Amino acid sequence: VTVPSTLALSNAGVLSKTGGTGVSTISVTVANTGTLTATTGTLELDGGGTLGGKVTETTTGAVTLGTGVFALTGTVNGAGTLTVDSAATLAITTVSEAIADAIVLDGTVTVASGKTLTLSGPVMLESAAQIDGPGTLATTGATSITATPYLDGGLVWHNSGTVSAGAEIYTAYPSGTGTVTIANQAGGAFDLTADGQAFYVYPGSTLALSNAGVMSKTGGTGVSNITNALTNTGTLTATTGTLELDSGGTLGGTVTETTTGAVTLGAGVFALTGTVNGSGTLTVDSAATLAITTVSEAIADAIVLDGTVTV
């Protein structure tokens with residue numbers, strides 16, 4: 001006769017992996033109000049639970065959330081790396097959180113309404129990364145996108161650090177509803193490091209995209225396309241290839257082409273309220289309109305006009 005049993009596992013002291021260079025797995029739910037840490041190898045949590053207290057990775061030991069839903073109510077504070085695997089969810093539900101540690105996200109993060117998750121350490125978004133709102137994600141350090149991430153649930157993403165986007169970003173996926181906001185703030189850098197479409201907006205939804213920092217094509221010798229409307233009050237530029245805007249918007253701030261990178265207005269109506277100032281070429285394609293509506297403009301750059309200008 002098999003009798004079902006339950007392990008109620010809690011830690012108010014220090015629960016640590018201190019031996020072995022491989023993985024030690026805890027496959028039941030854990031309620032932590034103390035310290036979870038590893039000084040060697042990897043401590044992997046595979047049953048979900050509540051992460052109060054502290055989660056502390058070290059230079060010699062990592063912590064991985066492997067499977068389950070983990071409600072973060074404490075702190076993540078260490079010199080190592082926290083990994084959220086594809087079957088795990090890190091849930092910011094009751095308090096806003098600030099994490100300075102290195103994070104590898106291959107799973108899901110959810111941020112509740114009115115809450116903010118601030119990531120100031122190095123962040124890597126991998127192939128299964130899903131970040132859902134309706135709360136706010138604030139990235140203030142270096143964020144590397146190595147494979148397509150998915151943003152949904154009305155997430156608001158504020159970046160004041162440096163984003164290196166080497167893959168297309170899907171928004172409002174999989175729901176196909178609501179508005180996802182991506183705001184590159186003053187002091188922030190949003191670098192498109194690969195050719196191709198930068199954002200895929202799921203049908204039936206909206207991406208509110210704005211730039212008050214520097215949004216630049218910095219990698220690839222072909223074309224990087226932004227296919228949704230953009231509100232710019234910062235700098236749009238390209239240091240290689242071509243940055244192509246294909247859905248209109250407001251061009252405040254500065255549009256700066258370089259000797260090695262061009263900017264193309266590919267499609268849509270662009271209200272120019274800022275400056276065009278660079279050593280390269282601005283192209284207005286046949287499906288695009290450059291509209292001079294509120295202020296007079298003076299452009300000294302090379303221009304290829306295959307579309308429309310209205311004054």
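Nothing fancy with the numbering, it's 1 onward along the sequence. Everything quoted here is computed from the prediction, not taken from an experiment. Both backbone and side-chain heavy atoms feed into the values below; hydrogens, waters and symmetry mates do not.
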- request: Establish whether Leu117 and Met124 are linked, either directly or via other cluster members, by ILVMFWY side-chain heavy-atom contacts under 4.5 Å.
  value: no
4.5 Å side-chain heavy-atom contact, Glu257 and Thr281: no
- prompt: Does a side-chain heavy-atom distance below 4.5 Å link Gln185 with Ser210?
  reply: no
- request: Please report the closest heavy-atom contact between Lys217 and Asp195, naming both atoms and the distance.
  value: NZ-OD1, 2.6 Å
message: Can you tell me how far apart CG (Leu265) and CG (Asp285) are? Round to the nearest 0.5 Å.
response: 8.0 Å
- prompt: Is there a donor-acceptor pair under 3.5 Å between the side chain of Ser224 and the backbone N or O of Ala194?
  reply: yes
- request: Of all the heavy-atom pairs spanning Glu168 and Pro149, show the shortest one and how long it is.
  value: O-CD, 3.5 Å
Gap separating the CD1 atom of Ile92 from the CG atom of Leu137, nearest 0.5 angstrom: 10.0 Å
field: Pair Asn277-Thr254, side-chain donor/acceptor within less than 3.5 Å
entry: no
query: Do Thr108 and Leu90 have side chains that get closer than 4.5 Å, going by heavy atoms?
result: no
query: Do Thr35 and Lys54 meet the criterion of a side-chain donor-acceptor pair at a distance under 3.5 Å?
result: no
message: If we ignore hydrogens and angles and just use 3.5 Å, is the side chain of Ser164 paired with the main-chain N or O of Asp191 as donor and acceptor?
response: no
Thr260 side-chain N/O to Thr239 backbone N/O, donor-acceptor pair under 3.5 Å: yes
message: I'd like to check Val111 versus Thr116 (side-chain heavy atoms, cut-off strictly below 4.5 Å). Are they in contact?
response: no
statement: Residues at least two apart in sequence or cross-chain that pass side chain to side chain contact (heavy atoms under 4.5 Å, CB included) with Asn228, listed by chain then number, are Phe199, Val201, Leu207, Leu209, Ile226
message: Are Val63 and Val28 linked, directly or through intermediate hydrophobic residues, by side-chain heavy-atom contacts shorter than 4.5 Å (ILVMFWY only)?
response: yes
query: Closest approach of Thr81 and Ala62, non-hydrogen atoms and distance?
result: O-CB, 3.8 Å
query: Where is the tightest heavy-atom contact between Lys17 and Ser24, given as atom of each residue plus distance?
result: NZ-OG, 3.0 Å
task: Please determine, by modelled atom types, if Ser175 and Asp152 share a side-chain donor-acceptor pair under 3.5 angstrom.
output: yes
task: Hydrophobic side-chain clustering at under 4.5 Å (ILVMFWY, transitive links): who's grouped with Tyr200? Put none if nobody.
output: Tyr150, Tyr170, Tyr173, Tyr202
- request: Answer whether the closest heavy-atom distance between the side chains of Thr289 and Phe270 falls below 4.5 Å.
  value: no
message: Looking at Asn225 and Thr227, would you say the former's side chain and the latter's main chain have a donor-acceptor pair under 3.5 Å?
response: no
- request: Nearest 0.5 Å please: distance from the CG atom of Asn32 over to the OG1 atom of Thr29.
  value: 13.0 Å
message: Apply side-chain contact (heavy atoms from CB on, under 4.5 Å) to residues Leu51 and Thr75 and explain how you reach the verdict.
response: CA-CA 8 Å; Leu51 301 180; Thr75 60; over 6 Å; no
message: The test is side-chain contact (heavy atoms from CB on, under 4.5 Å); show your working for Ile145 and Ile169 and say whether it passes.
response: CA-CA 9 Å; Ile145 299 175; Ile169 299 169; 3.7 Å; yes
message: Any side-chain to backbone donor/acceptor pair from Asn11 onto Gly13? Under 3.5 Å, distance only.
response: yes
field: Note, Ile99 side chain near Leu72 side chain (heavy atom, < 4.5 Å)
entry: yes
- prompt: Okay, side chain of Thr240, backbone of Gly219: is any donor-acceptor separation there less than 3.5 Å?
  reply: no
- prompt: Is the backbone of Asn77 close enough, under 3.5 Å, to the side chain of Thr56 for a donor and an acceptor to pair up by distance?
  reply: yes
query: When rounded to the nearest 0.5 angstrom, what is the spacing between CD in Glu97 and CG in Leu119?
result: 10.5 Å
task: Using atom types as modelled and distance alone, determine if a side-chain donor or acceptor of Thr25 lies under 3.5 Å from a backbone N or O of Glu44.
output: no
- line: By side chain to side chain contact (heavy atoms under 4.5 Å, CB included), Ala91 pairs with (sequence neighbours left out) Val69, Thr93, Thr110
- prompt: How long is the gap from CG on Leu245 to OG1 on Thr264, to the nearest 0.5 Å?
  reply: 8.5 Å
message: Under the criterion side-chain contact (heavy atoms from CB on, under 4.5 Å), I'd like the reasoning laid out for Leu192 against Leu243: C-alpha separation, chi angles, the key distance, then a yes or no.
response: CA-CA 9 Å; Leu192 306 179; Leu243 175 63; 3.9 Å; yes
- prompt: Are the side chain of Thr237 and the backbone of Thr256 linked by a donor-acceptor contact shorter than 3.5 Å?
  reply: yes
message: One pair to check against side-chain contact (heavy atoms from CB on, under 4.5 Å): Glu57 and Asp101. What are the steps and the verdict?
response: CA-CA 8 Å; Glu57 329 85 29; Asp101 306 30; 2.6 Å; yes
query: Are Leu105 and Val156 in one and the same hydrophobic cluster, where Ile, Leu, Val, Met, Phe, Trp and Tyr link if side-chain heavy atoms are under 4.5 Å apart?
result: no
- prompt: Phe70, Leu7: one ILVMFWY side-chain cluster at the under-4.5 Å cut-off?
  reply: yes
query: At their closest point, which heavy atom of Gly135 faces which heavy atom of Leu155, and how far apart are they?
result: O-CD1, 3.6 Å
Val304 reachable from Val255 in the ILVMFWY side-chain graph, under 4.5 Å edges: no
message: Could you measure the distance from the OG atom of Ser144 to the CG atom of Leu125? Nearest 0.5 Å is fine.
response: 8.0 Å
query: Any side-chain heavy-atom pair from Leu65 and Thr83 closer than 4.5 angstrom?
result: no
statement: All heavy atoms of Ala88 vs all of Val84, minimum pair found to be O-CG1, 3.8 Å
- prompt: Hey, does the side chain of Asp132 reach the backbone of Gly153 with a donor-acceptor pair shorter than 3.5 angstrom?
  reply: no
task: Decide yes or no for Leu251 and Thr273: does some side-chain heavy atom of the first lie under 4.5 Å from some side-chain heavy atom of the second?
output: no
message: Between Trp157 and Thr181, do the side chains contain a donor N or O and an acceptor N or O under 3.5 Å apart?
response: no
